[in-house]
2 protein chains.
Amino acid sequence: MKKYSAPSHSSQNCAESRRAIQDTLEIINGKWKLIIIITLSSRPYRFKELSREIGISPRMLSKELQDMEVNHLVTRTVLATKPISVEYALTKYAETFREVLDAMKNWGMKHRDHIIHGAAV
Amino acid sequence: MKKYSAPSHSSQNCAESRRAIQDTLEIINGKWKLIIIITLSSRPYRFKELSREIGISPRMLSKELQDMEVNHLVTRTVLATKPISVEYALTKYAETFREVLDAMKNWGMKHRDHIIHGAAV
DNA sequence: CATACTGGTATACTTTATGTAACTGCTATC
DNA sequence: GATAGCAGTTACATAAAGTATACCAGTATG
């Protein structure tokens, strides 16, 4: 009987922070974006090569790479090879994302310790 | 005909980093966890109060709060009020998560600028 | 000319996430 | 004793995410 509608409060900059965090979340959300970023951070990959490397179907890979291109995280370069090939590489801009990944990595490792060694709350 | 199975590479600490990042990702993954953390960061809330505040159904809220309790991010305290009430609050431990949120917030804001003002890649 | 490689797309399907509605057990108030 | 509030739970329905399989157009090789 009840509808659960949008929040009524939201002071201005609180909402802005939330939006920023949500934006960032979308960059790495889902099963694949993170591993794609990490894989491409070692070197550029071709489409099929990347697909085989991380075990993702072409359908998903195509979609994910398109998202990441829109967000300026990867570049798509068509190479004039015998059978045409396409190279995907992280942009220089993508390096700015490392701060976020580092923060997540550090916290994640501490958290695993915290939960395993069962500290008090 | 082809199966897309697990990766074959994965140098040791690379895999460890990835796992840590994935762990962190799970903490904030989904539609609600983030806004719950942000809302509770101002003050403790009771169950229904929180439900109304952010517009989440009791079903989802219950599930999310349980997850977060397991991860030591919130505490659940039963209060001896006339109709019983239960207070949810962020733990002190949850404050350590602020580093991650801040990194995400900063990057998210820069990223919005970057995309809107259409800088070169 | 069949085979195999390239970078994908199309379709159908399963699984997971989220939403909706109704219901429980308790207490207080009208 | 009917109504309403609290803190949830349960069963069911839909939406989103992911998987599997097949296929296309192009080029080279045997």
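Order of the sequence lines sets the chain letters (A, B, ...), proteins ahead of strands, with each chain counted from 1. What you see is a predicted model, and the numbers here were worked out from it, not measured in a lab.
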Participant: In whole angstrom, what separates A:K63's NZ from D:dG18's P?
Facilitator: 6 Å
Participant: Rounding to a whole Å, what distance do you find between A:K82:NZ and C:dG7:C1'?
Facilitator: 16 Å
Participant: Please report whether the ring centroid of B:H72 lies less than 6.0 Å from that of B:F97.
Facilitator: no
Participant: Does a side-chain N or O of A:R52 approach OP1 or OP2 of C:dC5 to a distance below 4.0 Å, or not?
Facilitator: no
Participant: For the pair made of CE in B:M60 and P in D:dT10, what is the distance, rounded to whole Å?
Facilitator: 16 Å
Participant: Rounded to the nearest angstrom, tell me the gap between atom CG in B:N29 and atom C1' in D:dA17.
Facilitator: 11 Å
Participant: Determine: side-chain N/O of A:Y45 to OP1/OP2 of C:dG7, distance under 4.0 Å, yes or no.
Facilitator: no
Participant: Within this structure, what is the NZ-to-C1' distance between B:K48 and D:dA4, rounded to whole angstrom?
Facilitator: 11 Å
Participant: Nearest-nucleotide wise, let me know which of A:R59 and A:L65 is further upstream toward the 5' end of DNA chain C.
Facilitator: A:L65
Participant: Ignoring hydrogens and angles, tell me if any N or O in the side chain of A:H111 forms a donor-acceptor pair with the backbone of A:W107 under 3.5 Å.
Facilitator: no
Participant: Using a cut-off of less than 4.0 Å, is there contact between a side-chain N or O of B:Q66 and OP1 or OP2 of D:dA7?
Facilitator: no
Participant: Kindly say if B:T81 contacts the phosphate of D:dC6, meaning a side-chain N or O under 4.0 Å from OP1 or OP2.
Facilitator: no
Participant: Does A:S17 use its side chain to pair, donor to acceptor, with the backbone of A:N13 at less than 3.5 Å?
Facilitator: yes
Participant: For C:dG19 and B:K31 - does any side-chain N or O of the residue sit under 4.0 Å from the phosphate oxygens OP1/OP2?
Facilitator: yes
Participant: Using side chain to side chain contact (heavy atoms under 4.5 Å, CB included) as the criterion, point out the one residue from A:R98, A:K92, A:E99 that pairs with A:E95.
Facilitator: A:K92
Participant: Just the rounded figure in Å: distance from P of C:dG8 to CZ of A:R46.
Facilitator: 12 Å
Participant: Restricting to non-hydrogen atoms, name the atom on B:I28 and the atom on B:M104 that form the minimum distance, rounded to 0.1 Å.
Facilitator: CD1-SD, 3.6 Å
Participant: Taking the minimum atom-to-atom distance to the side chain of A:S85, which one of C:dG8, C:dT20, C:dT6 wins?
Facilitator: C:dT6
Participant: To the nearest angstrom, how far is A:E26 atom CD from D:dA16 atom C1'?
Facilitator: 13 Å
Participant: Specify the separation, in whole Å, of atom CD1 of A:I56 and atom P of D:dA17.
Facilitator: 14 Å
Participant: Output yes when at least one side-chain N/O atom of B:S62 is less than 4.0 Å from OP1 or OP2 of D:dT9, else no.
Facilitator: yes
